[in-house]
There are 2 protein chains.
Amino acid sequence: MKRISSRATSFDVAALAGVSQSAVSRAFTPGSSIAEEKRAKVLEAARKLNYVPNSIASSLTTKRTNIIALILGNMGNPFYVHVLHEFSRRLQALGRQVLIFTVDPGSESDEAILRALQYQIDGVILTAAQLSTRMTSLCHDRGIPIVLFNRYIPGSDASGVRCDNVGGGRLIAEAFLAAGAKSFAMITGDPKGTTSQDRVRGFVERLMEEGIRRSEIEEVGGQSSYDGAAQAALTLFGDRARPRPDALFGINDIMAMGAVDALRYRLGLKIPEDLMVAGFDDIPEARRAPYKLTTVRQPINQMVEQTLALMHLDEPDRPIERGIDMPLASRLIWRSTIPVPPAYRSDIADDAGMDESG
Amino acid sequence: MKRISSRATSFDVAALAGVSQSAVSRAFTPGSSIAEEKRAKVLEAARKLNYVPNSIASSLTTKRTNIIALILGNMGNPFYVHVLHEFSRRLQALGRQVLIFTVDPGSESDEAILRALQYQIDGVILTAAQLSTRMTSLCHDRGIPIVLFNRYIPGSDASGVRCDNVGGGRLIAEAFLAAGAKSFAMITGDPKGTTSQDRVRGFVERLMEEGIRRSEIEEVGGQSSYDGAAQAALTLFGDRARPRPDALFGINDIMAMGAVDALRYRLGLKIPEDLMVAGFDDIPEARRAPYKLTTVRQPINQMVEQTLALMHLDEPDRPIERGIDMPLASRLIWRSTIPVPPAYRSDIADDAGMDESG
DNA sequence: GCAATCATTGAATGCGCATTCACAGTCGCG
DNA sequence: CGCGACTGTGAATGCGCATTCAATGATTGC
């Protein structure tokens with residue numbers, strides 16, 4: 001059995017193939033000037049030696065690692081898992097690698113970004129975490145694009161990609177109103193996050209247009225999780241003495257699901273008969289039989305594409321766009337947690353799941 | 001506003017601090033020989049220049065990148081999401097970075113491993129994907145440990161970490177029998193995976209000990225997903241003409257959940273009255289109110305620790321253990337999809353969720 | 001048929017850092 | 001008071017590769 005040298009270098013391959021090291025490098029670099037015959041010889045030698053090019057070494061000279069840092073702030077929310085999956089797929093297809101960092105929901109991402117910078121990453125995608133201006137400029141000074149996913153930071157240099165959360169909130173208010181709701185409640189998430197704020201704002205805004213006062217809309221904040229929302233639902237609806245609102249907006253699907261389960265199984269309420277509920281995101285779980293959640297669909301694939309476009313990985317020298325924020329349109333998915341008013345009958349979700357075009 | 005040089009190098013820092021480049025390197029290397037006073041001077045200069053050490057460059061000399069490749073074969077199963085999260089947390093705490101690769105469930109991981117090797121990763125963790133012997137030796141020849149998570153490959157040099165799936169399958173058979181079940185069915189997953197095979201084996205083995213013949217145990221394979229299992233459940237139970245088995249084993253929780261929903265909402269069956277169901281894994285979703293799934297808990301944290309131990313990241317020169325496979329004990333979590341027999345009353349899950357000790 | 005162009009090629013260089021080596025002080029101990 | 005044992009230090013080197021540069025032979029155009 002042939003003893004194979006572990007970690008052969010381009011020089012080893014060059015020696016075996018009887019060519020220069022430059023030639024080996026060229027053989028593995030698409031588009032470089034090398035005779036097809038010679039390239040074949042090099043590849044053959046490389047195969048014999050189990051040679052694997054060292055990307056780390058090459059990135060020393062090229063200044064590109066093809067690594068993208070993905071910072072995840074809330075893996076407990078399936079929405080972000082879905083996002084991770086989508087980014088992973090797309091970036092792999094583009095020949096990029098994904099370096100993962102998980103941080104506690106809503107906490108600072110500074111440490112993670114610092115670590116990422118040490119690895120000379122080509123870009124940063126940030127979900128559900130705070131971003132300091134110091135880190136933003138640290139990245140931008142180095143020509144590293146940083147994109148906020150599903151959030152934006154007012155006044156920040158960092159660009160962001162998100163859907164129209166205000167509009168989405170309005171859609172939900174609209175749906176509740178159309179279904180005849182008169183009194184309203186919300187379970188909100190991270191109060192520092194613009195995502196939650198905007199959804200609330202759109203929702204409230206629309207209701208106020210109908211003459212409902214803000215003070216009449218009950219609100220409870222919770223941990224941005226299934227359990228947090230279940231807890232919040234109990235504090236909102238557990239008190240039998242108070243009149244019960246007849247519509248509940250869960251600020252995202254996973255929280256809406258937590259609320260739905262608490263309402264049904266702990267308080268014995270019927271949805272939508274006793275109470276209508278809506279979520280936001282349209283995660284795959286939202287359409288499962290126990291939930292059939294009426295919700296607003298985020299155009300994940302569009303958002304992912306937009307994010308990649310903002311990073312313009314193919315033109316690394318292009319100056320980074322600062323502070324871009326182009327909200328994408330979202331749309332309402334009618335299912336079963338709000339009675340469907342006649343005018344909307346044709347909109348009922350066929351439930352092919354989250355669709356590709358968004 | 002001070003114009004900050006982008007990407008200062010250790011030489012820049014050295015110049016500003018009035019020391020040699022070696023000193024800068026030492027200042028950032030814990031445990032190296034440098035006077036505290038000088039280190040402080042270096043760090044001060046580094047701060048002024050926004051210097052971030054280049055891990056890529058340093059790994060060229062140290063031969064360690066502190067990057068671990070994590071190959072995920074089935075992100076649709078929350079179990080693996082949980083696993084990813086756990087690895088991410090642990091590895092970050094150990095000062096390692098996680099490079100993610102997603103591959104289609106059950107497909108070859110060769111391409112992903114090859115990409116990982118280019119980045120000179122320090123180790124590979126593989127979940128729910130196939131592994132060729134060629135890749136195994138490619139890694140091992142380079143001294144890179146590769147650990148299979150939640151599976152093993154008979155005859156492979158790669159070590160694996162998993163729970164006692166055979167024993168877990170037996171626990172479930174046991175539970176069904178204790179609850180008085182007489183006829184049985186299974187929805188199985190990836191037929192190539194030892195995990196599914198072993199669970200089936202233990203389950204069938206235990207039933208056969210009670211005189212039940214293998215041919216009497218109905219089995220349908222499905223896509224290893226919620227939807228795949230829902231589909232499988234309909235083919236198993238949709239035929240009203242045949243006698244209905246009174247116990248169904250879903251090979252993992254996400255599939256059991258898909259089956260439960262299909263049985264309840266499509267076929268109108270009551271669980272556990274008409275039919276008992278069990279899953280496997282004990283994912284966080286399993287304990288939610290609509291499911292309350294009786295299942296076998298995998299000791300995730302133990303498994304993660306075991307995996308890290310097998311990679312002995314702190315002793316990179318230690319030879320790699322080949323073909324290690326030490327199944328960890330699993331245990332049954334009683335919830336509501338199997339009627340709890342009197343003898344087991346004290347075992348009912350308090351449902352604090354997946355616990356830390358496993 | 002000859003000069004000008006072009007496609008290939010290898011030697012040399014540098015990317016940013018850790019590490020080795022030799023050397024200058026310091027200290028301890030007899 | 002003196003010599004070995006240490007500690008701290010900087011110059012020099014090399015990690016594995018891409019790239020530049022100059023040189024070569026091949027090809028084209030006229």
Side-chain angles (χ1 to χ4, degrees), chain A residues 5-43 45-46 49-67 117-122 142-143 316-317, chain B residues 5-43 45-46 49-67 117-122 142-143 316-317:
Chain A
S5 78
S6 71
R7 310 219 193 194
T9 72
S10 59
F11 277 95
D12 301 331
V13 176
L16 179 60
V19 300
S20 72
Q21 178 266 330
S22 316
V24 177
S25 172
R26 291 189 180 107
F28 282 92
T29 307
S32 66
S33 170
I34 186 173
E36 200 44 58
E37 182 192 357
K38 176 162 291 195
R39 152 171 283 143
K41 221 163 47 173
V42 168
L43 294 183
L49 294 176
N50 275 333
Y51 170 71
V52 175
N54 185 334
S55 301
I56 294 292
S58 85
S59 66
L60 239 201
T61 19
T62 60
K63 311 275 187 200
R64 327 243 82 235
T65 54
N66 290 324
I67 297 176
L117 282 177
Q118 296 185 200
Y119 282 85
Q120 315 299 113
I121 36 80
D122 292 349
R142 286 151 200 267
D317 295 328
Chain B
S5 80
S6 71
R7 310 219 193 195
T9 73
S10 58
F11 278 95
D12 301 330
V13 175
L16 180 60
V19 300
S20 72
Q21 178 267 328
S22 317
V24 177
S25 173
R26 289 187 181 110
F28 282 92
T29 307
S32 66
S33 171
I34 186 173
E36 200 42 60
E37 184 192 357
K38 176 162 292 196
R39 154 172 281 142
K41 222 162 49 173
V42 169
L43 294 182
L49 294 176
N50 276 333
Y51 170 71
V52 175
N54 184 332
S55 301
I56 294 292
S58 84
S59 66
L60 238 202
T61 23
T62 60
K63 311 274 188 199
R64 327 242 82 234
T65 54
N66 289 324
I67 297 176
L117 282 178
Q118 295 185 195
Y119 282 85
Q120 316 297 114
I121 37 80
D122 292 348
R142 286 151 200 265
D317 296 329

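Chain identifiers are assigned alphabetically (A, B, ...) following the order of the sequence lines, protein sequences preceding nucleic acid strands; residue numbering begins at 1 within each chain. Please read all numbers here as calculations on a predicted model, not as lab measurements.
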Participant: Write down the distance between NZ (B:K41) and C1' (D:dG8), rounded to a whole number of angstrom.
Facilitator: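 It works out to 13 Å between those atoms.
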Participant: What are the two closest non-hydrogen atoms of B:A46 and B:F28, and how far apart are they?
Facilitator: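 Closest pair (atom of B:A46, atom of B:F28, distance): CB-CZ, 3.8 Å.
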Participant: Give the rounded distance in Å between these two atoms: CG of B:L60 and P of D:dG16.
Facilitator: 7 Å
Participant: Classify the side chain of B:S22 versus the base of D:dA11 as yes if they form a donor-acceptor pair under 3.5 Å and no if they do not.
Facilitator: yes
Participant: Rounded to the Å, how far apart are A:I56 CD1 and D:dA18 C1'?
Facilitator: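 My rounded result for the distance is 15 Å.
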Participant: To the nearest angstrom, how far is B:E37 atom CD from C:dT26 atom C1'?
Facilitator: 15 Å
Participant: Among C:dA18, D:dT19, D:dT9, which nucleotide sits nearest the side chain of B:I34?
Facilitator: D:dT9
Participant: Between B:N66 (CG) and C:dC17 (C1'), how many Å, whole number?
Facilitator: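 Roughly 15 Å, once rounded to whole Å.
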Participant: Counting side-chain heavy atoms from C-beta on, which of C:dG10, C:dT19, C:dG16 comes nearest to B:T62?
Facilitator: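 Within the option list, the nearest is C:dT19.
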Participant: Checking only heavy atoms, does the side chain of A:S32 share a donor-acceptor pair with the base of D:dA18 at less than 3.5 Å?
Facilitator: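 No such pair is found, so the answer is no.
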Participant: Give the minimum heavy-atom separation between B:K63 and B:D122, together with the two atoms involved.
Facilitator: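 That would be O-OD1, 4.5 Å.
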Participant: Quick one: does A:R7's side chain get under 4.5 Å of A:N54's, heavy atoms only?
Facilitator: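 A side-chain contact is absent here, since even the closest heavy-atom pair is not under 4.5 Å.
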Participant: Write down the distance between CZ (B:F11) and C1' (D:dA12), rounded to a whole number of angstrom.
Facilitator: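 The distance from CZ of B:F11 to C1' of D:dA12 comes to 10 Å, rounded to the nearest Å.
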Participant: Using OP1 and OP2 only, check whether a side-chain N or O of A:K38 sits under 4.0 Å from C:dA7.
Facilitator: no
Participant: For A:V24 and B:A35, find the nucleotide of DNA chain D closest to each by heavy atoms; which residue's nucleotide sits nearer the 5' end?
Facilitator: B:A35
Participant: Distance check needed: D:dC15 C1' versus B:Q21 CD, whole Å only.
Facilitator: 13 Å
Participant: Tell me the interatomic distance from A:Q120, atom CD, to D:dC17, atom P, rounded to whole angstroms.
Facilitator: 19 Å
Participant: Counting only side-chain N and O atoms of B:K63, is one of them less than 4.0 Å from OP1 or OP2 of D:dG16?
Facilitator: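 Result: yes.
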Participant: Looking for any heavy atom pair under 4.0 Å, which part of the strands does A:S25 touch: base, sugar-phosphate only, or nothing?
Facilitator: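 Base contact.
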Participant: Which heavy atom of B:Q118 sits nearest to which heavy atom of A:V52, and what is that distance?
Facilitator: CG-CG1, 3.5 Å
Participant: Hey, mind stepping through A:Y51 and A:V42 against side chain to side chain contact (heavy atoms under 4.5 Å, CB included) and telling me if it holds?
Facilitator: CA-CA 10 Å; A:Y51 170 71; A:V42 168; over 6 Å; no
Participant: Is there a donor-acceptor pair under 3.5 Å between the side chain of B:S10 and the backbone N or O of B:V24?
Facilitator: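 No, because the side chain of B:S10 does not come within donor-acceptor range (under 3.5 Å) of the backbone of B:V24.
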Participant: Using the side-chain heavy atoms of A:S33, tell me which of these nucleotides is nearest: C:dC17, C:dT19, C:dA7.
Facilitator: C:dA7
Participant: Using only side-chain N and O atoms of B:T61, determine if any of them is under 4.0 Å from OP1 or OP2 of C:dT19.
Facilitator: no
Participant: Would you mind telling me which residue lines up with the more 5' stretch of DNA chain C, A:E36 or B:Y51, judged by nearest nucleotide?
Facilitator: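 That would be A:E36.
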Participant: Using a cut-off of less than 4.0 Å, is there contact between a side-chain N or O of A:S20 and OP1 or OP2 of C:dG10?
Facilitator: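 Yes, because at least one side-chain N or O of A:S20 sits under 4.0 Å from OP1 or OP2 of C:dG10.
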Participant: Which nucleotide, D:dC17, C:dC15, D:dG10, lies nearest any side-chain atom of B:A23?
Facilitator: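 Nearest listed nucleotide: D:dG10.
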Participant: Indicate, yes or no, whether a donor-acceptor pair under 3.5 Å links the base of D:dT20 to the side chain of A:R26.
Facilitator: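 Result: at least one qualifying N/O pair found.
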Participant: A:S58 near the nucleic acid: base, sugar-phosphate alone, or nothing, with a heavy-atom cut-off under 4.0 Å?
Facilitator: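 Contact class for A:S58: sugar-phosphate only.
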